[in-house]
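Below is one structure, written out as structure tokens; comments come after it.
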Amino acid sequence: MRSIWNGAVSFGLVTIPIRLYPATEQRGVAFNQVHRDDGGRIRFRRVCEVCGEEVPFAEVAKGYGLPTGETVVLDDADFEDLPLSTSHRIEVLQFSPADQVDPVLLAKSYYLEPEPAGVKPYVLLRDALERSGRVAVAKVALRQRESLAALRVREGVLVLETMLWPDEVREAGFAFLEEEVEVRAQEARMAESLVETMSGDFDPAAHRDAYREALLQVVEAKAAGRQVVRAPAPVGAGGPSADLMAVLRASVDAAKRNRGDKGDKGDAAGRPRADGSAGRGGDAPEHGSGGARRPA
């Protein structure tokens, strides 16, 4: 990883010099816009809608549109004197219980790595946060924008999570919230049963981006000149709507079957089955040393 920002964490009289690294990345499939007939790249030019001329980047400024239709033009000098008191400084404001930070406020995550001179105070802050169960609420300025932020610990590293300001969160003012919705006791019990049946520990590694994988397969097939086969529609798609109770009951049954199937797969690892008998245990794997067949 390459650091994108150098600064310091400041709380009380303590200053910890740090480097900032993006903690996440979004993996999509990048496309270029091209001419369908010959595959030529489509290029975009900066053209002024008033004079019709192409404008070099050096002459591009920021404009703020007024309700009157007029525009206020700002250049770099207008931004230099703005009061970004937290520039290159993560200023801790307070320490708060972690459950008081609404997840909807969280925007982007960054790892903080201490400079050699700041390792000891970094470790002291990290350990104090872990023991307290709190997060540090801070202010930070990144890319000429001041944000609230939360400092927490993840796998021994301080993570800075920038937050939205409260007025940036939209109100969920939906009409159904004002409606009187009648829920039968039997439906409520069935819904609770479904939740209980499908409950389990969250393991992010157990999930994958099936859409991205399928899209890459389409691209690879096109590149190889093979015919692309359309996937069949899911069973039951487009059928008539079912009674809510029937849907809930079917969901519970399916979840129970799925949980049972997972238990059967576990027998191959030597865990006892529900009837007390042992699985294959030390039997040799069927498909090579990995014990699993690679997908075709």
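When reading the values below, keep in mind they use all heavy atoms of this one structure, side chains included, and skip hydrogens, waters and symmetry mates. By convention here, the first residue in the shown sequence is residue 1. In this text the structure is predicted, and so the values were computed from the model without any measurement.
In this structure, V92 and V137 have side chains that are not in contact, with every pair of non-hydrogen atoms separated by 4.5 Å or more. For the pair Y110 and R19, the minimum side-chain heavy-atom distance is 4.5 Å or more. Looking at R89 and T15, their side chains come closer than 4.5 Å, going by heavy atoms from C-beta outward. Residues L215 and F31 are in side-chain contact: their nearest non-hydrogen atoms beyond the backbone lie under 4.5 Å apart. Residues V183 and V181 form a side-chain contact, since some pair of their non-hydrogen atoms from C-beta on lies under 4.5 Å apart. No side-chain heavy atom of L20 sits under 4.5 Å from any side-chain heavy atom of S3. By the 4.5 Å heavy-atom criterion applied to side chains, Y21 and W5 are not counted as neighbours. The shortest side-chain heavy-atom distance between V101 and S96 does not fall under the 4.5 Å cut-off.
A continuous path of ILVMFWY side-chain contacts below 4.5 Å connects V9 to V14, so both sit in one hydrophobic cluster. V135 and L106 end up in the same hydrophobic cluster when Ile, Leu, Val, Met, Phe, Trp and Tyr side chains are linked at under 4.5 Å. Under the 4.5 Å side-chain heavy-atom criterion for ILVMFWY residues, no single connected hydrophobic cluster contains both V29 and V34. In this structure, L93 is not a member of the same hydrophobic cluster as F95, with clusters built from ILVMFWY side-chain heavy atoms closer than 4.5 Å.
Judged by distance alone, with hydrogens and angles left aside, the side-chain atoms of R134 form no donor-acceptor pair with the main-chain N or O of A98 at under 3.5 Å. Remark: the backbone N or O of N6 is paired with a side-chain donor or acceptor of H88 at under 3.5 angstrom. Of the possible polar contacts, one joining the S132 side chain to the A128 backbone as a donor-acceptor pair under 3.5 Å is found. In terms of modelled atom types and a separation under 3.5 Å, the side chain of Y122 and the main chain of L112 share a donor-acceptor contact. Between the side chain of D102 and the backbone N or O of V104, at least one donor-acceptor pair lies under 3.5 Å. With D78 contributing its side chain and D75 its backbone, the two residues share a donor-acceptor pair below 3.5 Å.
Annotation for E213: atom CD counts as buried by contact number, over 12 foreign heavy atoms lying within 6.0 Å. Atom CD of Q94 has more than 12 heavy atoms from other residues, nucleotides or ligands within 6.0 Å.
Note on R184 versus E187: salt bridge recorded, some NZ/NE/NH1/NH2 to OD/OE distance being below 4.0 Å.
For the atom pair CG of L216 and CG of D209, the computed distance is 9.0 Å after rounding to the nearest 0.5 Å. Note: R249 CZ to L194 CG = 12.0 Å, rounded to the nearest 0.5 Å. To the nearest 0.5 Å, atom CD of residue E25 and atom CE of residue M1 are 10.0 Å apart.
Clustering of Ile, Leu, Val, Met, Phe, Trp and Tyr side chains at separations under 4.5 Å places F176 together with F174, L177.
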Name every donor-acceptor pair, under 3.5 Å, that has one atom in a side chain of residues 153-167 and the other anywhere in the protein, sequence neighbours excluded.
{"unit_1": "R154", "atom_1": "NH1", "unit_2": "Y111", "atom_2": "OH", "d": "3.0"}
{"unit_1": "E161", "atom_1": "OE1", "unit_2": "R152", "atom_2": "NE", "d": "3.2"}
{"unit_1": "E161", "atom_1": "OE2", "unit_2": "R152", "atom_2": "NE", "d": "3.0"}
{"unit_1": "E161", "atom_1": "OE2", "unit_2": "R152", "atom_2": "NH2", "d": "3.2"}
{"unit_1": "T162", "atom_1": "OG1", "unit_2": "K108", "atom_2": "N", "d": "3.2"}
{"unit_1": "T162", "atom_1": "OG1", "unit_2": "K108", "atom_2": "O", "d": "3.2"}
{"unit_1": "W165", "atom_1": "NE1", "unit_2": "E146", "atom_2": "O", "d": "3.1"}

Taking only distance into account, with no hydrogens and no angle test, what donor-acceptor pairs under 3.5 Å do side-chain atoms of residues 39-61 form with protein atoms, sequence neighbours excluded?
{"unit_1": "R45", "atom_1": "NH1", "unit_2": "E54", "atom_2": "OE1", "d": "3.4"}
{"unit_1": "R46", "atom_1": "NE", "unit_2": "V55", "atom_2": "O", "d": "3.3"}

inquiry  = Run V73 and Y64 through side chain to side chain contact (heavy atoms under 4.5 Å, CB included) and show every step you take.
reply    = CA-CA 7 Å; V73 179; Y64 184 88; over 6 Å; no
message = Checking L105 against V169 for the side chain to side chain contact (heavy atoms under 4.5 Å, CB included) test, could you report, in this order, the C-alpha distance in whole Å, the side-chain angles of both residues, the deciding distance, and whether it holds?
response = CA-CA 7 Å; L105 293 172; V169 178; 3.6 Å; yes
request  = Tell me, with the steps shown, if I18 and E113 meet side chain to side chain contact (heavy atoms under 4.5 Å, CB included).
outcome  = CA-CA 5 Å; I18 55 92; E113 179 192 27; over 6 Å; no
ask   = Could you go step by step and tell me if I16 and L125 meet the side chain to side chain contact (heavy atoms under 4.5 Å, CB included) rule?
value = CA-CA 9 Å; I16 308 171; L125 174 59; 4.0 Å; yes
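Contact record, G118 with P17: CA-CD, 3.9 Å, taken as the closest heavy-atom pair.
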